[in-house]
> 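A single structure is presented below for examination.
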Amino acid sequence: MIPLSIPNFEGNEKKYVEDAVEQGWVSTGGAYITQLENMMAGYLRAESVAACQSGTAALHLSLVDAGVGAEDMVIVPTLTFIAAVNPVKYQQAEPIFMDCDETLCIDPKKLRKFCEEECDDIDGRLIYKGNGKQIKAVVVVHVFGNLADMEQIMEIAEDHHLIVIEDATEALGTHYIGGRFEGKYAGTIGHYGAFSFNGNKIITTGGGGAAIARTGEMTEHIKYLSTQAKDDPHLYIHNEVGYNYRMTNLQAALGVAQLEELPEFIRRKQRNYALYQELFSDMPLVKILPFREGTDSNQWFYALDLSMEKICGSLYDVMNEMEKRGVQTRAIWGLVHEQKPYKNAIAYQIEKAVYYSGRILNIPCSTQITEQEIREVASVLTDVLGEMSYE
Ligand SMILES: *Cc1c(COP(=O)(O)O)cnc(C)c1O
């Protein structure tokens with residue numbers, strides 16, 4: 001079986017984890033945590049980084065620090081992993097679901113139209129006409145490592161007083177190479193950025209994540225919240241409600257080794273994507289989605305747009321057929337606004353997300369995948385689609 005995406009531990013992982021165990025520093029204190037934070041801050045050219053238990057925790061703490069609460073609304077994409085949205089609910093705020101464009105990321109045109117037509121600007125606050133509540137923030141997901149249109153989004157956010165929380169959980173390393181944000185990395189452009197080191201992300205700590213805020217002071221506050229908001233090292237003084245969201249030293253040991261390999265992982269992801277691109281270039285029924293021009297993407301996941309109207313069966317039938325022939329694939333997420341906890345939420349002109357959710361297939365993209373395996377994936381897909389096509 002050629003797996004979809006598996007972790008790669010070819011570097012110093014074992015050595016550093018063993019070292020952490022030997023030293024006895026396995027929990028939320030220890031040198032690997034600060035080392036990981038400093039390495040990431042250096043790599044992303046950020047002032048500081050707060051290492052967390054998960055990407056979800058990083059997103060949650062960003063919302064907490066941004067002051068999003070029960071009276072507020074937050075704009076979110078519907079075409080995303082649900083973890084990008086749930087933290088809005090943790091804060092008892094209300095999500096407003098937005099469509100994607102052909103990049104699979106949030107559609108800036110619709111975002112602007114929504115702010116202009118469905119909202120009022122009252123004393124520098126964006127108020128949703130439908131219920132009089134303030135829309136405080138927008139969560140922007142860089143889907144599959146592809147940068148959302150941050151130039152447009154930041155302009156809209158500036159015009160309409162929105163806090164921008166970047167879900168960069170899939171986009172560690174992706175950055176602009178030109179334009180207004182030249183040299184800027186995903187997660188460092190908005191007010192907050194969240195990263196994930198879950199098992200299938202570009203680097204992994206088993207489970208883990210990190211948060212970055214626009215100022216070092218804000219990031220320090222997130223760190224404080226992640227460690228039970230402890231104000232005094234000895235006396236157990238707590239001036240806020242905190243969380244147990246801090247990364248452990250064991251996770252960070254793994255993370256430091258993974259970060260050392262990140263440039264090599266990205267290089268392989270890009271090389272493999274280029275080969276897939278070549279193999280699919282003249283293949284009917286398949287289009288491999290590009291990454292945004294003017295950016296250098298980590299190319300974490302590859303998305304195929306299948307011409308389902310010409311295929312007899314669903315995306316799941318294609319997946320099952322591939323699986324039978326030894327290739328693991330994955331369908332894109334079910335839309336979040338259609339999930340049970342969000343059935344009654346506001347969804348604004350969702351069209352493209354519906355279209356893409358029935359036709360995007362992810363294919364094997366591990367950093368260890370061989371050239372031969374990539375050719376095998378393409379050949380199996382050719383066979384499967386050939387057999388299932390109406391033509
Ligand atoms: C992985 C992921 C998350 C959550 O990260 P965890 O570390 O698993 O909590 C959030 N949003 C998106 C888009 C993701 O892919």
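Side chains included, hydrogens not; waters and symmetry mates left out as well; all remaining heavy atoms used. Read the numbers this way: they start at 1 and go in the same order the structure lists the ligands and their atoms. A quick note: this is a predicted structure, and the numbers were derived from the prediction, not measured.
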> Within ligand 1, which atoms have a heavy atom of A83 less than 4.0 Å away?
3 (C), 4 (C), 10 (C)

> Between A213 and T219, which heavy-atom pair has the shortest distance, and what is it?
N-OG1, 3.1 Å

> Which protein non-hydrogen atom lies closest to atom 1 (C) of ligand 1, naming both residue and atom, and how far is it?
K201 NZ, 1.7 Å

> Do me a favour and list the nearest non-hydrogen protein atom to atom 9 (O) of ligand 1 with residue, atom name and distance?
T56 OG1, 2.4 Å

> Which distance, rounded to the nearest 0.5 Å, do you find between the NE2 of H60 and the OH of Y245?
5.0 Å

> Numbering the atoms of ligand 1 from 1, which are under 4.0 Å from a heavy atom of G208?
7 (O)

> Mind checking whether T169 contacts ligand 1 via backbone (N, CA, C, O), side chain (CB onward), both or neither, at a 4.0 Å heavy-atom cut-off?
side chain

> Using ring centroids (six-membered ring only for Trp), state whether Y342 and F97 fall under 6.0 Å.
yes

> Which atom names give the shortest non-hydrogen contact between L63 and Q91, and what distance separates them?
CB-CG, 4.2 Å

> What about F144 and F291, are their ring centers closer than 6.0 Å?
no

> Can you list the ligand 1 atoms lying under 4.0 Å from a non-hydrogen atom of S54?
7 (O), 9 (O)

> Measure the distance from atom 11 (N) of ligand 1 to every protein heavy atom, then report the residue, atom name and distance (to 0.1 Å) of the closest one.
D167 OD2, 2.7 Å

> Quick one: look up the protein heavy atom nearest atom 8 (O) of ligand 1 and list residue, atom name and how far away it is.
N198 ND2, 2.8 Å

> If you measure from each non-hydrogen atom of T80 to ligand 1, which part falls under 4.0 Å: side chain, backbone, both or neither?
side chain

> Would you mind running through ligand 1 and noting each atom that sits below 4.0 Å from a heavy atom of V141?
13 (C)

> To check your reading of the model: name the closest protein heavy atom to atom 15 (O) of ligand 1, its residue, and the distance in Å.
E170 OE2, 2.5 Å

> To the nearest 0.5 Å, how far apart are OH in Y302 and OG1 in T329?
15.5 Å

> Any heavy atom of G207 closer to ligand 1 than 4.0 angstrom?
no

> Below the 3.5 angstrom mark, is there an N/O of G55, backbone or side chain, next to an N/O of ligand 1?
yes

> Going by distance only, is there an N or O of S196 that falls short of 3.5 Å from an N or O of ligand 1?
yes

> Can you confirm if the NZ or CZ of K14 lies within 45° of the ring axis of F9 and under 6.0 Å from the centre of its six-membered ring?
no

> Looking only at heavy atoms, which two atoms of V141 and A84 are closest? And how far apart?
CG2-CB, 3.8 Å

> Is it the case that the ring center of Y90 lies less than 6.0 angstrom away from the ring center of Y243?
no

